[in-house]
Amino acid sequence: MMQAALSIDLESYWHAELLRRLVDRNSADDRVLPATLPLLDLLADRGVTATFFVVGEIIDEYPALVKRIVAEGHEIGCHGYTHRPLWSLNETTFNAELSLFTSALRRHLPGVIPRGFRAPTFSLSPDTAWALAVLARHGYEYDSSVFPMRTPLYGVPGCPPRPYRPAPNMIDNDPAAPIWEWPLTAWRIGPLTLPVCGGFYLRTLPMPVIIHGMRKAMQQGPIVVYLHPWELDEETPRLPLSRRDRFITYHNIGAATRRRLEKLLEQFDFTTMTNVLALRGRDRKVRVRS
Ligand SMILES: [Zn+2]
């Protein structure tokens, strides 16, 4: 079996861009533990390790949870400190977010050095490509924030289908780029791009399409799947959203998506992002189409 990367964006349900304004964080239950602990049990049961892109606030609020994640062999990456998207930050405030994240890790998990970053809400695009140099200054080696198609909030259509060294337009390869970019996985069929990489698409597309699409995408490079713990939690609070946003946010969350993840764990040999990049011989052997 060819290896694939599994990435978990560890945050509360209310960190999502559509919901953050609707929740009073001081009185609501964030459901981080009931959403995440069963996922950790499942991964331990199947002997699978993953990359957890963690929101820094979660490290400070749930240090024991993050310690368990590290103890079980998973990789810790950074998902910002407060989950603010890059388009609401600048170099100074992004620098501050990364410093807060590093401090939280040092406080609770000294010795753990994050190598990867995922921008909240896949907010890396040519407009926010300044973030890559900031990440490199903080010692990050790879980023995984580019979504391979245009959606209402984000996306970089035309990006390469595999890890590459991004030029400022986030499409061309530039060997001098400060950091690797590993875009989320899509199945490209002629002019069409079908994201078979996780989240809403993993909850919504028919499973045979997802599995076939992932196998096709693997022919072009290593694949990466993403999920949020709240997508596996039957009791994620349902907030009053428009019909469209309700569908995007809540369709199939809970047991249905957990069964989908279990099926993927049977079909693919998942590991951390760093493991897959290293397996491919990161600097020498990753083939990049320019
Ligand atoms: Zn997120």
Side-chain angles (χ1 to χ4, degrees), residues 5-23 25 28 30-36 39-40 50-62 65-66 69 74-89 93-94 97-98 100-101 104-105 114-125 128 131 134-135 140 142-149 151-156 181-185 195 197-204 224-233 236-237 239 241 245 248-253 257 261 272-273:
L6 179 62
S7 64
I8 309 294
D9 292 356
L10 178 50
E11 62 196 47
S12 170
Y13 72 92
W14 68 44
H15 282 109
E17 205 55 21
L18 290 172
L19 306 183
R20 58 194 306 141
R21 285 170 297 273
L22 301 174
V23 175
R25 299 177 47 157
D30 64 24
R31 295 205 58 82
V32 166
L33 292 178
T36 310
L39 170 60
L40 284 173
T51 296
F52 282 71
F53 292 105
V54 185
V55 172
E57 292 176 334
I58 301 282
I59 301 174
D60 277 330
E61 282 167 42
Y62 297 100
L65 173 69
V66 184
I69 291 170
H74 304 292
E75 175 182 8
I76 298 290
C78 175
H79 196 36
Y81 186 80
T82 60
H83 202 269
R84 288 166 71 194
L86 295 175
W87 58 66
S88 71
L89 300 170
T93 49
F94 182 50
E97 284 260 332
L98 294 181
L100 284 169
F101 184 88
L105 264 189
R115 302 170 79 176
F117 177 81
R118 173 161 295 147
T121 322
F122 303 116
S123 53
L124 187 65
S125 68
T128 51
V134 184
L135 286 168
Y140 287 87
Y142 73 90
D143 177 86
S144 180
S145 307
V146 161
F147 203 80
M149 64 178 274
T151 74
L153 279 179
Y154 49 77
V156 181
E181 174 59 39
W182 188 350
L184 281 300
T185 293
C197 48
F200 168 72
Y201 308 93
L202 175 60
R203 288 186 273 122
T204 307
V224 51
V225 167
Y226 75 94
L227 265 180
H228 304 89
W230 57 261
E231 292 179 288
L232 303 167
D233 178 12
T236 292
L239 299 175
L241 298 171
D245 289 350
I248 291 172
T249 308
Y250 300 128
H251 183 63
N252 264 350
I253 67 171
T257 296
L261 174 61
T272 66
M273 310 225 8

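Quick caveat: nothing in here was measured; it's all calculated off a predicted structure. Side chains included, hydrogens not; waters and symmetry mates left out as well; all remaining heavy atoms used. Whatever order the structure lists them in is the order used to number ligands and atoms, beginning at 1.
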Worksheet entry | Criterion side chain to side chain contact (heavy atoms under 4.5 Å, CB included) on S123 and W87, from CA distance to verdict | CA-CA 7 Å; S123 53; W87 58 66; 3.3 Å; yes
request  = Indicate whether any N or O donor in one side chain lies under 3.5 Å from an N or O acceptor in the other, for H83 and E57.
outcome  = no
- Would you kindly say whether Y81 and D60 are connected by a side-chain donor-acceptor distance under 3.5 Å?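 Distance-only check passes for Y81 and D60.
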Examine all N, O or S atoms of H15, backbone included, and report whether one is under 2.8 Å from the Zn ion (ligand 1).
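False for H15.
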(message) Taking N, O or S atoms only and a limit of 2.8 Å, check whether H228 reaches the Zn ion (ligand 1).
(response) no
- [ ] Please determine if D143 and R118 form a salt bridge, counting it only when a charged side-chain N lies under 4.0 Å from a carboxylate O.
- [x] no
Of all the N, O or S atoms in E11, the one nearest to the Zn ion (ligand 1) is OE1
With rounding to 10 degrees, H79 NE2, the Zn ion (ligand 1) and H83 NE2 define an angle of 100°
